[in-house]
S.K.: 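Dropping the structure in here first, questions after.
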There are 2 protein chains.
Amino acid sequence: MTTPRTARALARETLTREILDAARARLGTEGPAGLSLRAVARDVGMVSSAVYRYFPSRDALLTALLLETYGELGDAVEAAEGAVARDDLGGRWLAACRALRAWCVEHPGDFALLYGTPVPGYAAPRDTVEPATRVVRVLVRIVGDAHAAGARPAPGPDGVAEPADLVADALAFVVAHGLVAPDAPTEAVVRTLMAWTELFGTVSFELFGHLTGTVGDYARWFDHVAARLAADLGIAVRL
Amino acid sequence: MTTPRTARALARETLTREILDAARARLGTEGPAGLSLRAVARDVGMVSSAVYRYFPSRDALLTALLLETYGELGDAVEAAEGAVARDDLGGRWLAACRALRAWCVEHPGDFALLYGTPVPGYAAPRDTVEPATRVVRVLVRIVGDAHAAGARPAPGPDGVAEPADLVADALAFVVAHGLVAPDAPTEAVVRTLMAWTELFGTVSFELFGHLTGTVGDYARWFDHVAARLAADLGIAVRL
DNA sequence: CAAAACCGAGAGCGGTGCTCTCGCTTCGCC
DNA sequence: GGCGAAGCGAGAGCACCGCTCTCGGTTTTG
């Protein structure tokens, strides 16, 4: 990455940035499906073919956007959660959840790119997996700390824990990615993954309009969802 | 709708069907974003402009697809739930949830149309709202019956019910659409809406690839989510 | 049986992703 | 300093897209 600071390299850097910024701006207004490389080129004052000097294809541009966007969301959630006292587990959980929703609501286009319908022909490369797991990693860490502090999830549907092999399925990935220590409370991890999907499901329903008319105050609605999930994990949240 | 059965009207009917079928077939392979009216026209052996005799715009075709698809999902869920003994509340809940997921997994393209990123310029007309509520209506009905049978949702995060005005927000819509009787258990209704979002959030994460590597057996994972949600609503589910 | 309505085909508009070629500028190296 | 190589932006062109309009031919209607 330490390219020589020649005039050309410098220009390339700034132009790459300009293209990415223009693309993200368009993403906010048109959505991922309508992301037009030609329009982006026009926005930065180029002809469309010139953009291909910087991104070999539309998919490559998409990948760069994915990486950048996952990173930004991860930053936001980690920063919000990190600003809360370590022993305030409910506060950390709520801060992480609220930061998550806030970012998504402020960047609906980016949210659609990350959590909406996948672009048909496009498969996200491997190196997007790590940035994509940052949010859930924060959640798992909070729950892990809570477990260490004695918190226990509510009993399962029939009063017993989730089956061991279901837990193993989910846990294998989490441990493999270093999200959590191998001796983590397995059931809590599974519940956290379920909570993660509910959080994003709620945001998805909000942003995609499936709750219009049903819910008045989305922020409060989301807070209650987050609080319920926390309670289910044995973490007390004061709204 | 009782158009005279002239040769022309008959031909129009079958051709409209053929176009819709071709569009849904393409939806399954390309996804909603890549739905090309020209390609659909080719599939039914027409030139693209001829399709406009049947649907005045791509959006109109989209609306027709929405109506049909919501209807099909509603049919599937209602049929599955209706086949279970009325007093077997856990069975009804599980049947509805499983039918919901099964349909989505079998029709990923249609699912993306209904619950994925909204098409940028397109706003679904009013008459898609009613068909869109059929699934949640089934869920609310089960929970209502459970309430009548004495089931009570688990206590809220801090041991108290959800705030009354949050409940009122959500309930207003539900009652306005005749989803539930005005004297319904308000808190249970709110919880049901939350459960509804989690069910579709789980399917969304499954189909959009956010759980790849994390969850091995999606069906069992989903069953556990459904069972947990039921337990939270005071409904016992045997897996 | 004629007028009106409907229908399919085709051309055409401006847009898209992407490829290739063509000059020009900048770079690295001797 | 000079020179070949590499990088760059512009433009033309390909096949595709949604959509409009016109033009003959068919069917329906009064």
Side-chain angles (χ1 to χ4, degrees), chain A residues 1-20 22-23 25-27 29-66 113 117-123, chain B residues 2-20 22-23 25-27 29-66 113 118-123:
Chain A
M1 269 299 163
T2 50
T3 37
R5 308 238 95 209
T6 65
R8 230 205 258 277
L10 208 65
R12 183 172 185 85
E13 218 169 278
T14 57
L15 273 178
T16 306
R17 262 260 57 82
E18 277 182 36
I19 292 172
L20 280 174
R26 289 227 155 245
L27 212 55
T29 61
E30 330 271 350
L35 206 175
S36 149
L37 206 145
R38 280 178 123 108
V40 171
R42 273 195 302 272
D43 289 349
V44 299
M46 274 185 186
V47 98
S48 78
S49 61
V51 177
Y52 285 84
R53 298 281 180 201
Y54 299 86
F55 297 95
S57 71
R58 190 167 161 274
D59 284 2
L61 178 60
L62 235 49
T63 299
L65 286 173
L66 272 179
L113 175 67
T117 313
V119 180
Y122 175 77
Chain B
T2 49
T3 38
R5 309 237 94 209
T6 65
R8 197 161 253 180
L10 206 65
R12 183 173 185 85
E13 217 168 278
T14 58
L15 273 178
T16 306
R17 262 259 57 82
E18 276 182 36
I19 292 172
L20 281 174
R26 289 226 155 247
L27 212 56
T29 61
E30 329 272 350
L35 206 175
S36 149
L37 205 145
R38 281 179 122 109
V40 170
R42 273 195 302 273
D43 289 350
V44 299
M46 275 184 184
V47 99
S48 77
S49 63
V51 178
Y52 285 83
R53 299 280 181 202
Y54 299 86
F55 296 96
S57 73
R58 189 168 161 276
D59 285 3
L61 178 60
L62 236 50
T63 299
L65 285 174
L66 272 180
L113 175 67
V119 180
Y122 174 78

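Within every chain, numbering begins at 1; the chains are lettered A, B, ... in the order of the sequence lines, protein sequences first and strands thereafter.
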S.K.: Send over the distance from A:Met46 CE to D:dG7 P, rounded to a whole Å.
M.R.: 16 Å
S.K.: If you look at every strand shown and take non-hydrogen atoms under 4.0 Å, does A:Phe55 touch a base, only sugar-phosphate, or nothing?
M.R.: nothing
S.K.: As a test of reading the structure: which of D:dT29, D:dC19, D:dA10 is closest to the side chain of A:Ala50, going by heavy atoms?
M.R.: D:dA10
S.K.: Over how many whole Å does the gap from B:Asp59 atom CG to D:dG18 atom C1' extend?
M.R.: 10 Å
S.K.: Would you please confirm or rule out a distance under 4.0 Å between OP1 or OP2 of C:dC6 and any side-chain N or O of B:Tyr54?
M.R.: no
S.K.: Please tabulate, for the side chains in residues 38-53 of chain B, all donor-acceptor contacts under 3.5 angstrom to protein atoms that are two or more places apart in sequence or on a different chain.
M.R.:
residue: B:Asp43; atom: OD1; partner: B:Arg26; partner atom: NH2; Å: 3.4
residue: B:Asp43; atom: OD2; partner: B:Arg26; partner atom: NE; Å: 2.7

S.K.: So, does B:Arg12 get its side chain near the phosphate of C:dC6, meaning an N or O under 4.0 Å from OP1 or OP2?
M.R.: no
S.K.: Distance check needed: C:dT26 C1' versus A:Glu13 CD, whole Å only.
M.R.: 17 Å
S.K.: Would you mind reading off the bend of the helix from C:dC1-D:dG30 to C:dC30-D:dG1 from its two end axes, five pairs each, to 10 degrees?
M.R.: 10°
S.K.: For the pair made of CZ in B:Arg26 and P in D:dG18, what is the distance, rounded to whole Å?
M.R.: 11 Å
S.K.: Round to a whole Å and report the spacing from CD1 of B:Ile19 to P of C:dC7.
M.R.: 11 Å
S.K.: Which residues satisfy the side chain to side chain contact (heavy atoms under 4.5 Å, CB included) test with A:Ala64, sequence neighbours excluded?
M.R.: A:Leu20, A:Phe55
S.K.: Mind checking what makes side-chain hydrogen bond (donor to acceptor under 3.5 Å, both in side chains) contact with B:Thr63, not counting sequence neighbours?
M.R.: B:Tyr122
S.K.: What's the separation between atom CG in A:Leu113 and atom CG in A:Leu66, rounded to the nearest 0.5 Å?
M.R.: 4.5 Å
S.K.: For B:Arg12, check salt bridge (charged side-chain N to carboxylate O under 4.0 Å, His left out) against everything at least two apart and list the hits.
M.R.: none
S.K.: Go through the steps for A:Leu62 and A:Leu35 under the test side chain to side chain contact (heavy atoms under 4.5 Å, CB included), then give the verdict.
M.R.: CA-CA 9 Å; A:Leu62 235 49; A:Leu35 206 175; 4.0 Å; yes
S.K.: Considering every strand and a 4.0 Å limit on heavy-atom distances, what is the contact class for A:Leu61: base, sugar-phosphate, or nothing?
M.R.: nothing
S.K.: What protein N or O atoms touch nucleotides 15-17 of chain D N or O atoms at under 3.5 angstrom, if any, and at what distances?
M.R.:
residue: D:dC17; atom: OP1; partner: B:Ser36; partner atom: OG; Å: 2.7
residue: D:dC17; atom: OP1; partner: B:Arg42; partner atom: NH2; Å: 3.2
residue: D:dC17; atom: OP2; partner: B:Arg42; partner atom: NH1; Å: 3.2

S.K.: Under 3.5 Å between N/O atoms: give me all the protein pairs with nucleotides 20-26 of chain D, atom names plus distance.
M.R.:
residue: D:dT26; atom: O2; partner: B:Arg8; partner atom: NH2; Å: 2.7

